[in-house]
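Everything below concerns the one structure shown next.
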2 protein chains.
Amino acid sequence: MNLTLKQFRYFEALARHGHFGRAADACSISQPALSMQIRELEETLGTELFERGARQVRLTNFGEEFALRVRDILRSVDELGDLARASRDRLVGRLRIGVIPTIAPYLLPEIITSLSGLHDGLEIHVRETLTSRLVEELAEGRIDTAIVALPVSEPALTEVALFNEKFVLVRPDADRDKPVPDRDTLREMRLLLLEEGHCFRDQALSFCNLRSARPRELLDGSSLSTLVQMVGSGIGVTLIPEMAVPVETRSAAVSVVHFKDPQPARTIGMIWRKSSPLAAQLHQISDIVRRAGEDVRSREETG
Amino acid sequence: MNLTLKQFRYFEALARHGHFGRAADACSISQPALSMQIRELEETLGTELFERGARQVRLTNFGEEFALRVRDILRSVDELGDLARASRDRLVGRLRIGVIPTIAPYLLPEIITSLSGLHDGLEIHVRETLTSRLVEELAEGRIDTAIVALPVSEPALTEVALFNEKFVLVRPDADRDKPVPDRDTLREMRLLLLEEGHCFRDQALSFCNLRSARPRELLDGSSLSTLVQMVGSGIGVTLIPEMAVPVETRSAAVSVVHFKDPQPARTIGMIWRKSSPLAAQLHQISDIVRRAGEDVRSREETG
DNA sequence: TGGCGTGATAAGTATTTCTTATGATGAACC
DNA sequence: GGTTCATCATAAGAAATACTTATCACGCCA
C-alpha cells in the first residue's frame, strides 16, 4: 500500500482531536473508517503514530514529527487548489507572443503597456520574426500566440481578425506635389521592398498585380525603417503600413500619400493553436490588442 | 473529488514523458487509467494541465508551475517514508525519563552518558520526583519511562527489574568500632528518615519491622545528603542505598557498615506504559540502564 | 485515402473504502 | 466487585473508485 493524502487528512484530524470519534466526525466519516485508515497508515510506515490509551489518544514522538511534516504537505496541496483557482480566470505566468516585424515596433509598446497593466504578474515574452516561422513555433508550442497578417490558413490554428490597416506610399519629399500614382503607374516606379519572406512584401506586390519582383537592391535583413531612409535619399519609393507612418517618416525627407480607392490594405489578426488551453484568455487578449491597434492608428490620424 | 497523491504521481510521470502510453508504462498501469486520472485531476483543478497536441503532450503554463510544486510535495512525502524507516529501529527524538530522588544523583550521570553516546540525536528530559507522581505522569503521557523501586504494581505499567541494591547503615564516625546492629537494635536507635512519600523511607521502616515512625525531626524536602550530614553531626543514624555511599559519605564524619544477612535491599527497575509504542526501545534502554547501575556499584566497591 | 500512432471513451471487473453492527477493554461508579 | 459507560477495534456487506481490455476518434503521413 501507499501513502495517501486521505490518510494524511484523517491523521491530521486525529492528531488535532486526540479522539477517534470526534476526528471521524470532523472528517464526515464513520469512526471505523478512520480507524482503518490510521492503521493502514501506521502499517505502511511500519511505525506507530499514536499511542492508544484507554481514555486518550496521544501522538508518539515520531507522530509529532510526522504531524509537522504532514501539515506542511497538506498546506502545499491546498495551495495548489488556490493556485489553480487563481489561474483559471485571469492569465498568469508567461505569455509568449510572436509578432511580425512590420507590426512589432508600432504596436508592441502599446500592447505590452495594456497587458501588463491589466494582468498583474504576467510575464511577456516577445518573438519577432516572419509569419512562416511564427507558425512553426506556434505548432511546436514555443509561443502561445502570434500577431500576423491574415489569412494564415493553417487548419490547426484559430484566426481572429483585429483590424485592417491601409498601405501608404512613401516617396521623396521632392515628389510632394506630384499626383498620387495608381497601381499601374506604381509598377513603373522603382519600388523598394523588404526581402523575400516578409508577408508585407507579398502584399505590396499583389497590390501592384506583380507576382514577383527582381529587386535591384538586396535588402536582406532590413526593415521598413531602412526602406524609408533609402526613399529619403531619393533612391525610389516604397509602401508602408499606415501604423508605421508616425515612427518611420518623422526623421526622413519623405512625403506620405494615401492611395485612391481601392486602397491597398491588409488584415491584422491573432492566431493560436486550436488546442491551446489559453483560448479563452487569448480571446480576451485579442480584444486588448485590437484596442491597442485602434489607439495607435487614431494617434496617427490626429498627430 | 479531491486531489490525491496517486494523481500527482501520474501527473509527474506524464509531465516527464510527455506521452500517455509511456507514462502509463512507467506507472505500471494501462493508458486509459492514466488518462482518466489526469482528466480527473484537471477537472478537480478546473484548469488544463496539459495541452494535447496531435503528436505531443505539453504542459501548459499552469502545468509547469503545478509540476514544480507537485515535485516538491512528492519529495516531502517520500521523505516521510524514509523518516519512518529511520525511526523504526533506533530511538529518536525526545525521551522523557523519570527517576526517584534516591537514585537520580548516583545513576543519572552514567545513564545520560551511555544513552546520548549510543543514540545520537536523542533528546533526554529528566524528571526527578516521588514514585507516586512519576506513576501519575506516566499514565498521563507526560513521561515515557521511570526508574523506581519495584514493585509498583500498576496493571497498566510494564515493570522490568534492573538490579538489587543493599541498604547500608550510616552512623557517626565515633561509632566506627561498635558492633553492627541488627534490625531490632536499629529500632532502638534514633533513625533519621526522609519525609513521607519517599519509597526509600518505607523500605527502611519495613526492614525495621515498623509500620510507621513518628519522626522527631521533620525533614520535609530533604535529601539523603542532608540525612548524612545530620548523622555526621551526631544526631542519629540513617540508612542509605549503597549506590549513594561514594557520593554522600565523602565529606561527612560518618562511618558506613553493611548489615549482616538478611541484608536490607530493594529492587530497582524501569516502568513504562504497556501501551507505549516505545516498548521495544525501552527494553533496549533498560539494558543500558542496568549496565550503568552495575558500573556505578562496581566503582563503589573498588573505590 | 488508408494505415499508423495516439489519446479518449465504454463496459465490465477488481479493489478499495465506507457503513452499520458488534466485540473487547479499561475506567468510573455505585 | 460487578455494572455501566466510553472508546477503539473488528467484521461483513454495500458503495464507490480505480483498473483492465476492447474500441473509437482524430490527425498525421505516405
Side-chain angles (χ1 to χ4, degrees), chain A residues 1-11 13-15 17-44 48-59 136 138-141 154-158 273-277, chain B residues 1-11 13-15 17-44 48-59 135-136 138-141 153-158 273-277:
Chain A
M1 202 18 211
N2 254 318
L3 299 175
T4 70
L5 286 179
K6 190 184 298 193
Q7 289 170 348
F8 288 177
R9 295 225 138 89
Y10 292 176
F11 164 79
L14 183 54
H17 290 96
H19 186 287
F20 278 75
R22 280 189 282 280
D25 272 357
C27 298
S28 307
I29 55 167
S30 66
Q31 168 264 312
L34 186 102
S35 284
M36 288 190 303
Q37 288 299 321
I38 296 294
R39 187 160 56 99
E40 186 74 41
L41 179 58
E42 289 179 327
E43 268 172 27
T44 304
E48 289 183 70
L49 292 167
F50 294 95
E51 184 182 335
R52 279 87 157 160
R55 200 146 289 276
Q56 52 191 333
V57 176
R58 256 194 307 278
L59 282 170
E136 258 177 56
L138 215 40
E140 290 164 11
E154 285 284 332
L157 300 182
T158 298
R273 290 182 299 278
K274 280 181 175 153
S275 62
S276 173
Chain B
M1 203 15 215
N2 254 317
L3 300 175
T4 70
L5 286 180
K6 192 184 297 194
Q7 289 170 348
F8 288 177
R9 295 226 138 87
Y10 292 176
F11 164 79
L14 182 55
H17 290 97
H19 186 288
F20 278 75
R22 281 190 282 281
D25 272 357
C27 297
S28 307
I29 55 168
S30 66
Q31 169 264 312
L34 187 101
S35 284
M36 289 191 301
Q37 289 300 320
I38 296 293
R39 185 161 56 100
E40 185 75 42
L41 179 58
E42 288 179 327
E43 269 173 25
T44 304
E48 288 184 71
L49 293 167
F50 295 95
E51 185 182 334
R52 279 88 157 159
R55 199 147 291 273
Q56 52 190 331
V57 175
R58 255 194 309 277
L59 282 170
V135 169
E136 257 177 57
L138 215 41
E140 289 164 10
S153 303
E154 285 283 333
L157 299 182
T158 299
R273 290 182 299 278
K274 278 179 176 155
S275 64
S276 174

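In the text below, chain A, chain B and the rest are named by the order of the sequence lines, each starting its count at 1. Note that the structure is predicted; figures quoted are calculated from it, not measured. All heavy atoms count here, side chains included; hydrogens, waters and symmetry mates do not.
Considering CG of B:Asp25 and NE2 of B:His17, their distance stands at 8.5 Å, rounded to 0.5 Å. A distance of 8.0 Å separates CD in A:Gln7 from CD1 in A:Ile38, rounded to the nearest 0.5 Å. Expressed to the nearest 0.5 Å, how far OG of B:Ser35 lies from CZ of B:Phe20 amounts to 4.5 Å.
When rounded to the nearest whole Å, the span between CE of A:Met36 and P of C:dT15 equals 17 Å. Note: CZ (B:Arg52) to C1' (C:dT9) measures 13 Å, nearest angstrom. Spacing between atom CZ of B:Phe20 and atom P of C:dG5 amounts to 18 Å, rounded to whole angstrom units. Spacing between atom CD1 of B:Ile29 and atom P of C:dA14 amounts to 18 Å, rounded to whole angstrom units. Between A:Asn2 atom CG and D:dA18 atom P there is a gap of 14 Å when expressed in whole angstrom units. Between A:Leu5 atom CG and C:dT17 atom P the separation is 13 Å, expressed in whole Å. Rounded to a whole Å, the CG atom of B:Asp25 is 14 Å from the C1' atom of C:dG7. Atom-to-atom, CG of B:Leu14 to C1' of C:dA8 comes out at 14 Å; the value is rounded to the nearest Å.
B:Leu3 is listed as a side-chain neighbour of B:Leu41, based on a closest heavy-atom distance under 4.5 Å. Counting only heavy atoms from C-beta outward, the side chains of B:Lys274 and B:Leu157 never approach each other to under 4.5 Å.
Taking the nucleotide of DNA chain D with the nearest heavy atom to each of A:Arg22 and A:Pro32, the more 5' of the two is matched to A:Arg22. Nearest-nucleotide mapping onto DNA chain C: of A:Ser28 and B:Gln56, the residue sitting toward the 5' end is B:Gln56. Both A:Leu34 and B:Gly18 sit near DNA chain C, but only B:Gly18 has its closest nucleotide nearer the 5' end. Residue-to-nucleotide proximity on DNA chain D shows that, of B:Gln37 and A:Ala156, the 5′-proximal contact is made by B:Gln37.
Residue contacts shown for A:Pro155 are absent, as no nucleic acid heavy atom lies under 4.0 Å away. Residue B:Phe50 is out of contact with every strand shown, counting any heavy-atom pair closer than 4.0 Å.
Ranking D:dC8, C:dT6, D:dC19 by closeness to the B:Lys6 side chain, first place goes to D:dC19. Comparing D:dA18, D:dC8, C:dT20 against the side chain of A:Ser30 picks out C:dT20 as the nearest.
Of the side-chain N and O atoms in A:His19, none sit less than 4.0 angstrom from OP1 or OP2 of D:dA6. Side-chain nitrogen and oxygen atoms of A:Arg39 include none within less than 4.0 Å of the OP1 or OP2 phosphate oxygen of D:dC8.
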Interface polar pairs with nucleotides 22-25 of chain C, N/O, under 3.5 angstrom:
none

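Nearest heavy-atom pair, B:Ile29 versus B:Leu34, reported as atom, atom and distance to 0.1 Å: CD1-N, 3.7 Å.
For the pair B:Glu42 (side chain) and B:Leu49 (backbone), a donor-acceptor distance under 3.5 Å is present. Although no hydrogens or angles enter the test, the distance criterion places no donor-acceptor pair under 3.5 Å between the side chain of B:Arg52 and the main chain of A:Ser275.
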